[in-house]
Student: 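Provided herewith is a single structure, encoded as structure tokens, for subsequent inquiry.
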Amino acid sequence: MTREDGGGVLELLERIGSVVVPIAVALYAVLYIGIEQMYAVFGVNPQQVGVDQAVLLGRMTSTLVLLLLVAVPLLGVVVGLGWLADRMTRGAAGRLVRRTRERPWIAAALAALWCGATYWGLFNLFGDLDLFIMVVIAVGLGVLAFLIPFRLLRRKPVGRAGTKVLVGGLTGVGLGFLLILGLVEGAIDVQESGQSNELLNAVGFQDQWAVIKSAEDDKPLYDGRWMMLLGESDGTYVLYDCDKLETLRRPMETTNLGQIELDPEREAGFACGGLAQQNTP
């Protein structure tokens, strides 16, 4: 590998890192808002089920390790494809990228349109958006709010670096709002079907079920029905009654957990709310 090739690869890695880090930081910052919205479906907040930032990070450790294992070879593939494209075009691809970056209005316009598009998740929280509305939001918001500031920032190296951080941060926030939508929809599915999906499991949601028993005589309570254990905090269990569609709280000193099961298999067509429907006049 020539010196120029090595410099190009290192420069590409540096550019990728300068964007990936702000994305990851912003995405994790928005993640806790999604966790709050997820538990709000059950009428509780994360603190009431014993989930804070430290607990959330601990539950996600295995997911973060898996993401790292996927991201490292993926980054290598991206670098390799970039190098290969540059070689196959005899340097034309690299020159095209450099010329595009040297055109301040083109670079600013691309960054502005991208930042405008990242607000799709936020606006989608207030209603479903079709592709046309999405394009209008991306173009309109990007041109009105970001185009001129990004053009001014590109006059100096520190401004260009700031643009990368801002674009990465807004990308992470946009992905975070999409994550919030997925978590809320997943929580609603749990509430209706009694079974979580892979996204909820990835953020540390515990699909844990148990038969609740009295601590005095160890007899089953609630007719021996299975309850989802949402969490525990301040000496209190927070339970979800799938049959009655209710969230319950019980003191830990008067409650025993029996027949604990993680991620139970459900028969086809299973749905929560059987007893709630019977009690409906």
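Since we're looking at a predicted model, the values are computed, not measured.
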Student: Between Tyr119 and Leu170, is there a side-chain heavy-atom distance shorter than 4.5 Å?
Tutor: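 Yes, close enough: below the 4.5 Å cut-off.
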
Student: Do the side chains of Trp226 and Phe205 join up, straight or via other hydrophobic residues, at under 4.5 Å, putting them in one cluster?
Tutor: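 Yes.
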
Student: Give the minimum heavy-atom separation between Ala112 and Phe150, together with the two atoms involved.
Tutor: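 Looking at all heavy atoms of both residues, the closest pair is N-CD1, 3.6 Å.
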
Student: Using 0.5 Å steps for rounding, measure from the CG atom of Leu74 to the CG atom of Leu69.
Tutor: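 CG of Leu69 is found 12.5 Å from CG of Leu74.
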
Student: How long is the span from the CE atom in Met38 to the CG atom in Leu179, to the nearest 0.5 Å?
Tutor: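 With rounding to 0.5 Å, CE (Met38) is 9.5 Å from CG (Leu179).
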
Student: Looking only at heavy atoms, which two atoms of Ser196 and Asn201 are closest? And how far apart?
Tutor: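 Heavy-atom minimum between the residues: OG-OD1, 3.1 Å.
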
Student: Evaluate the side chain to side chain contact (heavy atoms under 4.5 Å, CB included) criterion for residues Leu113 and Phe146: first the C-alpha distance (whole Å), next the side-chain angles of each, then the deciding distance (0.1 Å), finally the verdict.
Tutor: CA-CA 8 Å; Leu113 293 175; Phe146 298 110; over 6 Å; no

Student: Would you indicate whether the side-chain heavy atoms of Leu183 and Gln37 approach each other to under 4.5 Å?
Tutor: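 Counting from C-beta outward, Gln37 and Leu183 never come under 4.5 Å.
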
Student: So do the side chains of Ile33 and Ile180 get within less than 4.5 Å of each other, counting heavy atoms only?
Tutor: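 With C-beta onward as the side chain, the pair touches.
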
Student: Would you find a donor on one side and an acceptor on the other, under 3.5 Å apart, between the side chain of Gln48 and the backbone of Val238?
Tutor: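 Checking the backbone N and O of Val238 against the side chain of Gln48, no donor-acceptor pair under 3.5 Å is found.
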
Student: For Gly50 and Ser233, which heavy atoms make the closest approach, and how far apart are they?
Tutor: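 It is N-CB, 3.7 Å.
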
Student: What closest approach, in Å, do Tyr237 and Glu232 show between heavy atoms, and which atom pair accounts for it?
Tutor: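 Where Tyr237 meets Glu232 most closely, the heavy atoms are CE2-OE1, 3.4 Å.
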
Student: Under 4.5 Å between side-chain heavy atoms, hopping through other hydrophobics if needed: is there a path connecting Leu229 to Val49?
Tutor: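 Hydrophobic grouping puts Leu229 apart from Val49.
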
Student: Give me the one residue out of Asp207, Leu200, Leu230 that meets side chain to side chain contact (heavy atoms under 4.5 Å, CB included) with Val190.
Tutor: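 The single option meeting the side chain to side chain contact (heavy atoms under 4.5 Å, CB included) with Val190 is Leu200.
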
Student: Hey, does Trp105 have a side-chain heavy atom less than 4.5 Å from the side chain of Leu147?
Tutor: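 Answer yes - side chains close enough.
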
Student: Could you give the distance from OG1 (Thr118) to CG (Leu178), rounded to the nearest 0.5 Å?
Tutor: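 CG of Leu178 is found 9.5 Å from OG1 of Thr118.
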
Student: Enter the distance from Asp243:CG to Asp223:CG here, rounded to the nearest 0.5 Å.
Tutor: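 So the gap between those two atoms works out to 9.0 Å.
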
Student: If I compare all heavy atoms of Ala108 with all of Arg151, which pair ends up nearest, and what's the gap?
Tutor: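 Here Ala108 and Arg151 meet closest at CB-N, 3.6 Å.
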
Student: To the closest 0.5 Å, what do you measure between OG1 (Thr254) and NZ (Lys213)?
Tutor: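 Here the rounded value is 15.0 Å.
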
Student: Is it the case that Tyr39 and Gln47 place a side-chain donor and acceptor less than 3.5 Å from each other?
Tutor: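 No, Gln47 and Tyr39 have no side-chain donor paired with an acceptor closer than 3.5 Å.
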
Student: With a cut-off of 3.5 Å and sequence neighbours excluded, list every side-chain donor-acceptor pair involving residues 256-271.
Tutor:
unit_1 : atom_1 : unit_2 : atom_2 : d
Asn256 : ND2    : Asp218 : OD1    : 3.4
Arg266 : NE     : Gly194 : O      : 3.3
Arg266 : NH2    : Gly194 : O      : 3.3

Student: Please tell me if the side chains of Cys115 and Val167 come closer than 4.5 Å, counting only heavy atoms from C-beta onward.
Tutor: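 Side chain of Cys115 against side chain of Val167, heavy atoms only: contact under 4.5 Å found.
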
Student: Verify the cluster assignment for Trp209 and Ile212: are they in a single hydrophobic cluster under the rule of side-chain heavy atoms below 4.5 Å apart?
Tutor: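 No, because Trp209 and Ile212 fall into different hydrophobic clusters, even though each may have its own neighbours under 4.5 Å.
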
Student: Step by step, would you call Leu66 with Val70 a side chain to side chain contact (heavy atoms under 4.5 Å, CB included)?
Tutor: CA-CA 6 Å; Leu66 291 176; Val70 173; 5.6 Å; no

Student: Please confirm whether the backbone N or O of Phe42 pairs with a side-chain atom of Thr247, one donor and one acceptor, at under 3.5 Å?
Tutor: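 Yes.
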
Student: Determine whether Ile148 and Ile106 fall in the same hydrophobic cluster, where Ile, Leu, Val, Met, Phe, Trp and Tyr are linked whenever their side-chain heavy atoms lie under 4.5 Å apart.
Tutor: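 Each belongs to a different hydrophobic cluster.
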
Student: Other residues, nucleotides and ligands only: do more than 12 of their heavy atoms fall within 6.0 Å of CG on Asp217?
Tutor: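 Result for CG/Asp217: enclosed.
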
Student: Report the distance from atom CE of Met227 to atom NZ of Lys244, rounding to the nearest 0.5 Å.
Tutor: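 That separation rounds to 7.5 Å.
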
Student: Quick check: do Val211 and Tyr222 have side-chain heavy atoms less than 4.5 Å from each other?
Tutor: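 They are not in contact (no side-chain heavy atoms under 4.5 Å apart), so the answer is no.
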
Student: When clusters are formed by joining ILVMFWY residues with side-chain heavy atoms under 4.5 Å apart, either directly or through shared neighbours, do Leu144 and Trp114 land in the same one?
Tutor: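 No, separate clusters.
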
Student: Do other residues, nucleotides or ligands put more than 12 heavy atoms under 6.0 Å from the CD atom of Glu253?
Tutor: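 Yes, enclosed.
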
Student: Any side-chain heavy atom of Leu57 sitting closer than 4.5 Å to one from Tyr28?
Tutor: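 SC-SC contact between Leu57 and Tyr28 confirmed.
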
Student: For Val51 and Ile35, which heavy atoms make the closest approach, and how far apart are they?
Tutor: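 Closest heavy-atom pair between Val51 and Ile35: CG1-CG2, 4.4 Å.
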
Student: Is there a donor-acceptor pair under 3.5 Å between the side chain of Tyr32 and the backbone N or O of Gln53?
Tutor: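 A pair under 3.5 Å: no.
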
